[in-house]
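Source: prediction; values computed, not measured.
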Amino acid sequence: MEHLSFFWLPNNKDMLVQALESEFAQLVEQSLSTGKIALPSIPDVVLKIQQLCTQESTGIVDVADCLLEDPGLAAIVIRVANSVIFNRRNITCTDLTTAVSRLGILRVRDIVTAQAIEQLKHSVNLNKECNAVLVNSAAVSRELGATMVLVVNAFRKLGADKYAHLEAEKALLVGLLADIGLFCLVNEYHLYLDKGNYLDHQIALQIFQTRCSATSKLVLENWGFDRDFIEVASNHSFSQIRPEVSYLDIARIANHLLMFRSQDERIEDHEVEFNLTGAEVLFELSNLNDNEFQSKINDVLNASGL
């Protein structure tokens, strides 16, 4: 399966060869192999929270106090904590400490990181082509995350106890951050052009496609995200001990569903494994008409608070 966020790109073997032979591709490969790919330039508060999450002594108050440094992110965390997806008890909270306590320290990190990357994709000042790639990425990531929520909810409806380990809120965040490495690659491409180099935009897209998963894996590992985030971003399982249905399985089913709904011709070559329940889930969601499916996607995004 190609990387989740690139299912709309056509295959072109000649361009792929050109991409792999380009100087830019070699620079990206070198950055990946040495672990020195440039990380997205996200707000200091987000970086501080990521650092706090690596320390065992960090408590709820520490994260809440950190959020006070960025009123915008603080407001988002409170809004998300009160959203339909994250507020399971339907009890409104109005202060940061309660919001962080409800969400959990790691979930707050996931939320502020996803929000920061989402904002960057829409506001970063690169060239026209780079900006367009990031805006498309933002839209596709949101669609993937929302579709993963629909798939998780369908699994839980068919087997609440068996699939209790699957959380809709985590599925949404995993989907939103699945192609986080793309931002790094696009930024590297922009810097490459700024230095007076030239690389055809379509060839650059092919490089993004072939290197996005490895870059995303590197970024998420650097920031301390768990295995579920890393597996989906890299489209690869890293453990033989795993649940019958993992978030990677959810992402693959969601991607297959999106390919089906967009009538992507490559779906015939796209293989995805699922159990009997997964077949029921895919059948149910595939049989929604376009308006019904889009309405459900919109409902998830509106209910998330993001």
Side-chain angles (χ1 to χ4, degrees), residues 1-33 36-41 114 117-145 147 175-220 232-236 251-252 254-270:
M1 182 183 74
E2 293 177 350
H3 190 266
L4 297 168
S5 292
F6 287 94
F7 66 83
W8 72 83
L9 289 179
N11 282 323
N12 188 316
K13 292 183 179 179
D14 291 337
M15 288 182 61
L16 189 57
V17 171
Q18 290 179 328
L20 294 174
E21 292 178 347
S22 75
E23 179 188 27
F24 175 67
Q26 293 171 8
L27 291 174
V28 169
E29 190 65 28
Q30 182 178 11
S31 296
L32 286 171
S33 63
K36 294 180 180 179
I37 195 81
L39 297 177
S41 178
I117 295 299
E118 174 82 3
Q119 291 175 341
L120 275 176
K121 286 179 178 179
H122 286 284
S123 63
V124 70
N125 185 27
L126 304 178
N127 62 38
K128 183 178 179 181
E129 291 81 6
C130 290
N131 286 343
V133 170
L134 292 176
V135 170
N136 274 332
S137 168
V140 172
S141 296
R142 287 166 64 84
E143 186 175 45
L144 173 65
T147 304
L176 288 175
L177 292 173
D179 71 343
I180 193 170
L182 178 63
F183 189 92
C184 300
L185 293 171
V186 172
N187 190 55
E188 291 277 353
Y189 175 55
H190 176 74
L191 294 175
Y192 183 75
L193 297 180
D194 257 6
K195 293 177 181 178
N197 301 301
Y198 174 76
L199 180 66
D200 181 80
H201 179 62
Q202 292 301 317
I203 294 179
L205 287 178
Q206 291 289 330
I207 296 173
F208 298 160
Q209 180 179 9
T210 57
R211 299 295 186 263
C212 189
S213 60
T215 310
S216 297
K217 177 177 181 289
L218 185 63
V219 173
L220 292 171
V232 171
S234 58
N235 188 29
H236 180 74
R252 287 171 171 171
N255 188 50
H256 192 83
L257 181 62
L258 289 172
M259 291 178 73
F260 167 77
R261 303 204 71 89
S262 65
Q263 299 182 340
D264 192 314
E265 61 184 15
R266 293 175 299 158
I267 196 170
E268 295 181 4
D269 300 321
H270 183 257

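Residue pairs meeting the salt bridge (Lys or Arg N to Asp or Glu O under 4.0 Å) criterion with at least one partner in residues 125-142, sequence neighbours excluded, are Glu118-Arg142.
Not counting sequence neighbours, Phe183 has no partner by the ring-ring contact (aromatic ring centres under 6.0 Å, His included) test. Here Leu27 pairs with Glu23, Gln30, Tyr192 under the side chain to side chain contact (heavy atoms under 4.5 Å, CB included) rule; sequence neighbours left out. Scored by the side chain to side chain contact (heavy atoms under 4.5 Å, CB included) test, Ala214 finds Leu32 as partners (sequence neighbours excluded). Looking at residues two or more places apart in sequence or on another chain, you find no ring-ring contact (aromatic ring centres under 6.0 Å, His included) involving His122. Not a single salt bridge (Lys or Arg N to Asp or Glu O under 4.0 Å) links Glu188 to another residue, sequence neighbours left out.
The CG atom of Leu120 sits 11.5 Å away from atom OG of Ser137, with the distance rounded to the nearest 0.5 Å. Expressed to the nearest 0.5 Å, how far NZ of Lys121 lies from CG of Leu176 amounts to 8.0 Å. Here NE2 of His256 is found 13.0 Å from OG1 of Thr147. Values are rounded to the nearest 0.5 Å. Atom CG of Leu220 sits about 11.0 Å away from atom OG1 of Thr215, to the nearest 0.5 Å.
The shortest heavy-atom contact between Leu199 and Leu193 is N-CD2, 3.9 Å. Pairing each heavy atom of Leu182 with each of Ser216, the nearest pair is N-OG, 4.3 Å.
Classified by interplanar angle (parallel below 30°, tilted 30° to 60°, perpendicular above 60°), the ring pair His201/Tyr189 is tilted.
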Chi angles and distances behind the side chain to side chain contact (heavy atoms under 4.5 Å, CB included) call for Ser213, His236: CA-CA 9 Å; Ser213 60; His236 180 74; over 6 Å; no
Test log, rule side chain to side chain contact (heavy atoms under 4.5 Å, CB included), inputs Val140 and Asp179: CA-CA 10 Å; Val140 172; Asp179 71 343; over 6 Å; no
Full working for side chain to side chain contact (heavy atoms under 4.5 Å, CB included) between Ile207 and Leu185: CA-CA 9 Å; Ile207 296 173; Leu185 293 171; 5.6 Å; no
